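This report concerns only the one structure given below.
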Amino acid sequence: MSTGKVLSGAGLRGQVAGKTALSTVGKTGSGLTYRGYDVKDLAANCTFEEVAYLILKGELPNSAELAAYKAKLKSLRALPQALKDVLERIPANAHPMDVMRTGCSMLGNLEMEDSFAQQQDVTDRMLAIFPGLVNYWYNYSHHGKRVNVETDADTLAEQFLWTLHDKKPEALHIDVMQASLILYAEHEFNASTFTARVCASTLSDMHSCITGAIGSLRGPLHGGANEAAMELIEKMDNADDAEQKLLGMLERKEKIMGFGHAIYSESDPRNAVIKEWSEKLAHANGDTKLYDVSVRCEAVMWREKKLFCNADFFHASAYNYMGIPTKLFTPIFVCSRLTGWAAHVMEQRADNRIIRPSADYVGVEPRSVKPIAQR
Ligand SMILES: CC(=O)SCCNC(=O)CCNC(=O)[C@H](O)C(C)(C)COP(=O)(O)OP(=O)(O)OC[C@H]1O[C@@H](n2cnc3c(N)ncnc32)[C@H](O)[C@@H]1OP(=O)(O)O
Ligand SMILES: O=C([O-])CC(=O)C(=O)O
């Protein structure tokens with residue numbers, strides 16, 4: 001069995017930047033656990049609320065604890081009017097990740113975290129409100145509709161789809177969304193989580209930590225890769241066309257979004273789970289083109305470069321099959337990863353020293369300022 005990727009070089013790769021009890025990533029080259037549970041076990045047997053509870057509070061809930069937690073989250077879905085006013089001013093051509101960043105920041109102005117004793121409550125509020133927040137903006141800016149975010153949805157997975165399409169979603173789609181939110185929930189010291197921890201280490205408030213993390217997740221080398229993967233596969237007519245286009249891209253040394261990983265060396269364990277859901281959705285939709293194209297991309301990338309699909313690649317086809325607009329893909333990641341980010345903020349606060357690494361200076365030698373007329 002592999003002992004994992006050889007980690008060294010730029011980007012702080014391989015350097016231990018702190019401790020965590022929340023998850024392990026790629027310890028044996030491929031695995032992922034949240035507080036000791038295999039992510040595949042969680043995705044097969046839990047709802048997202050159970051996993052959020054596990055990540056944020058340390059243990060899986062029993063029935064009574066889960067019912068109370070779900071009831072609490074359900075009671076926190078309403079958007080404050082001042083937040084709706086801000087969302088209504090953001091244009092339709094804004095990126096929804098920027099909407100989430102602004103929405104999170106605005107919420108921090110309206111419902112400040114005055115003391116760290118409120119950290120679980122402000123996190124629960126964000127968890128409850130984020131799906132409705134982005135979909136309220138989406139429906140208002142794109143369809144002129146003020147969608148009701150205080151739905152009867154039983155779970156956050158259902159709430160996201162319900163507030164997006166303004167109707168009760170079908171059961172298969174809710175199941176896929178449960179799995180997706182679980183897969184994306186936590187991933188050790190990835191770039192966005194590290195952003196949140198750096199911010200937390202200054203003893204800043206939770207909304208600032210999460211706002212910063214959203215900004216880091218947005219980039220195509222991180223969470224934004226699921227949108228970039230969709231933009232890639234939608235250009236491909238069929239599996240053979242996918243192979244030709246991909247070979248051309250590799251020849252031109254272009255980066256293929258949705259492939260490769262900073263830590264995993266053999267595979268990303270989340271891929272097998274979302275790939276299976278993508279296949280189910282393809283058959284349910286009676287249209288397997290995107291799935292077939294994605295499978296061929298996976299085979300070509302492995303054959304040519306020994307690069308494997310990360311969590312993002314098959315999320316593209318899965319979300320598309322559920323009628324989710326591409327630009328809302330990464331915001332779904334936010335709705336999920338919020339759990340990991342917040343738990344890391346709490347962990348950092350519990351044993352804090354300000355994060356402040358050093359730099360190797362590579363600039364000019366000391367010199368003195370010339371009077372401006374002589375420059
Ligand atoms: C949920 C997530 O955030 S998962 C990650 C999502 N991001 C993506 O899918 C973006 C595409 N992938 C990538 O850019 C990278 O694989 C990253 C950012 C994820 C990891 O970066 P690194 O740790 O630097 O990658 P790694 O060290 O494995 O790269 C080794 C080589 O493979 C190449 N490579 C890695 N990924 C890819 C890719 N997707 N397409 C083409 N080549 C790639 C690198 O360019 C590098 O080549 P080089 O040595 O000639 O420069
Ligand atoms: O760990 C990483 O570098 C990126 C990743 O897969 C994630 O954040 O889910």
Side-chain angles (χ1 to χ4, degrees), residues 2 4-15 17-18 20 22-27 29-34 39 42-43 51 55 97 180-197 213-233 245-274 294 297-298 300-316 318-319 329-341 343-344:
S2 163
K5 199 164 167 173
V6 177
L7 298 169
S8 60
L12 295 177
R13 196 72 79 260
Q15 295 181 41
T20 185
L22 294 168
S23 63
T24 60
V25 174
K27 262 186 137 175
S30 58
L32 171 62
T33 64
Y34 300 166
V39 74
L42 293 168
V51 174
I55 291 172
M97 284 297 279
S180 168
L181 293 175
I182 291 170
L183 295 177
Y184 272 147
E186 158 56 15
H187 219 244
E188 200 223 38
F189 276 27
N190 60 84
S192 55
T193 301
F194 197 58
T195 302
R197 283 193 84 128
I214 293 170
S216 287
L217 189 71
R218 185 191 196 293
L221 295 189
H222 192 11
N226 56 16
E227 296 179 22
M230 187 64 223
E231 282 150 21
L232 176 74
I233 59 173
K245 288 201 165 103
L246 219 48
L247 289 174
M249 290 175 78
L250 291 175
E251 179 82 25
R252 295 189 296 277
K253 306 238 173 298
E254 289 175 32
K255 205 154 231 197
I256 317 296
M257 300 307 176
F259 285 87
H261 201 273
I263 305 294
Y264 297 122
S265 55
E266 301 165 354
S267 63
D268 180 331
R270 300 166 294 183
N271 178 52
V273 180
I274 195 62
S294 303
C297 290
E298 184 178 34
V300 171
M301 288 297 283
W302 185 253
R303 188 187 73 211
E304 298 294 320
K305 290 276 171 195
K306 291 288 169 284
L307 283 170
F308 51 85
C309 296
N310 57 47
D312 283 328
F313 194 69
F314 275 91
H315 262 104
Y319 286 168
F329 289 5
T330 319
I332 302 174
F333 198 154
V334 171
C335 295
S336 159
R337 183 57 60 86
L338 169 60
T339 50
W341 291 334
H344 275 276

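Order of listing sets the numbers, starting from 1, for every ligand and every atom in it. Since the model is a prediction, treat every value here as computed from it, not as a measurement.
For the atom pair M230 CE and S294 OG, the distance stands at 8.0 Å (nearest 0.5 Å).
Applying the salt bridge (charged side-chain N to carboxylate O under 4.0 Å, His left out) rule to R337 yields no partners; only residues at least two apart in sequence or on another chain are considered.
Neither the backbone nor the side chain of N190 comes within 4.0 Å of ligand 1, counting heavy atoms alone. Contact annotation for L307 and ligand 1: only side-chain heavy atoms (C-beta onward) come within less than 4.0 Å of the ligand. No part of E188 comes within 4.0 Å of ligand 2, judged by heavy-atom distances. With a 4.0 Å heavy-atom cut-off, ligand 2 is reached by the side chain of R270 but not by its N, CA, C or O.
With no hydrogens or angles considered, a side-chain donor-acceptor pair links N226 and Y184 at under 3.5 Å. Judged by distance alone, the side chains of H187 and T193 never bring a donor and an acceptor atom under 3.5 Å apart.
Atoms of ligand 1 found under 4.0 Å from any heavy atom of F333 (numbered from 1 in listed order, with element): 1 (C). The ligand atoms of ligand 1 that sit less than 4.0 angstrom from a heavy atom of H261 are 4 (S), 16 (O), 19 (C), 20 (C), 28 (O). Residue contact check: A225 has heavy atoms under 4.0 Å from atoms 6 (C), 7 (N), 8 (C), 9 (O) of ligand 1. Atoms of ligand 1 found under 4.0 Å from any heavy atom of G258 (numbered from 1 in listed order, with element): 8 (C), 9 (O). The contact set between ligand 1 and G260, taken as ligand atoms under 4.0 Å from a residue heavy atom, comprises 16 (O), 19 (C). Heavy-atom proximity to P220, at under 4.0 Å, picks out these atoms of ligand 1: 7 (N), 8 (C), 10 (C). Within ligand 1, counting atoms from 1 as listed, the ones closer than 4.0 Å to a heavy atom of H222 are 2 (C), 3 (O), 6 (C), 7 (N).
Between N310 and N271, the closest heavy-atom pair is O-OD1, 4.1 Å. In this structure, G258 and A225 approach most closely via the heavy-atom pair N-CB, 4.0 Å. In terms of heavy atoms, P331 sits closest to M97 at N-SD, 3.6 Å.
Of the listed options A229, G219, A10, A262, A262 places a heavy atom closest to atom 20 (C) of ligand 1. Between atom 2 (C) of ligand 1 and the options D312, T330, N310, the minimum heavy-atom separation is to D312.
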* To do: Show the numbers, then the answer: is there a side chain to side chain contact (heavy atoms under 4.5 Å, CB included) between K27 and L32?
  => CA-CA 8 Å; K27 262 186 137 175; L32 171 62; over 6 Å; no

* Could you walk me through whether F194 and H344 pass ring pair (Phe, Tyr, Trp, His ring centres under 6.0 Å), step by step? => CA-CA 9 Å; F194 197 58; H344 275 276; 9.7 Å; no

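Looking at atom 4 (C) of ligand 2, its nearest protein heavy atom turns out to be H261 NE2, 3.5 Å. Summary of contacts: the protein heavy atom closest to atom 5 (C) of ligand 2 is H187 ND1, 3.3 Å. Protein heavy atom closest to atom 3 (O) of ligand 2, with residue, atom name and distance, is N190 CB, 3.7 Å. Looking only at protein heavy atoms, the nearest one to atom 8 (O) of ligand 2 is R337 NH1, 2.8 Å.
Some N or O of F259 is nearer than 3.5 Å to an N or O of ligand 1, by distance alone. Checked against a 3.5 angstrom limit, the closest N/O atoms of E254 and ligand 1 fall outside it. Ligand 1 has no nitrogen or oxygen under 3.5 angstrom from a nitrogen or oxygen of R270. The shortest N or O to N or O distance between A311 and ligand 1 is not under 3.5 Å.
The closest approach between R13 and ligand 1 falls below 4.0 Å for a heavy atom of the residue.
For residues 214-225, the salt bridge (Lys or Arg N to Asp or Glu O under 4.0 Å) pairs, not counting sequence neighbours, are D98-R218.
At least one side-chain heavy atom of W341 sits under 4.5 Å from a side-chain heavy atom of V334. Between D312 and F329 the shortest side-chain heavy-atom distance does not fall below 4.5 Å. Side-chain atoms of T20 and R197, non-hydrogen and from C-beta on, do get closer than 4.5 Å to each other.
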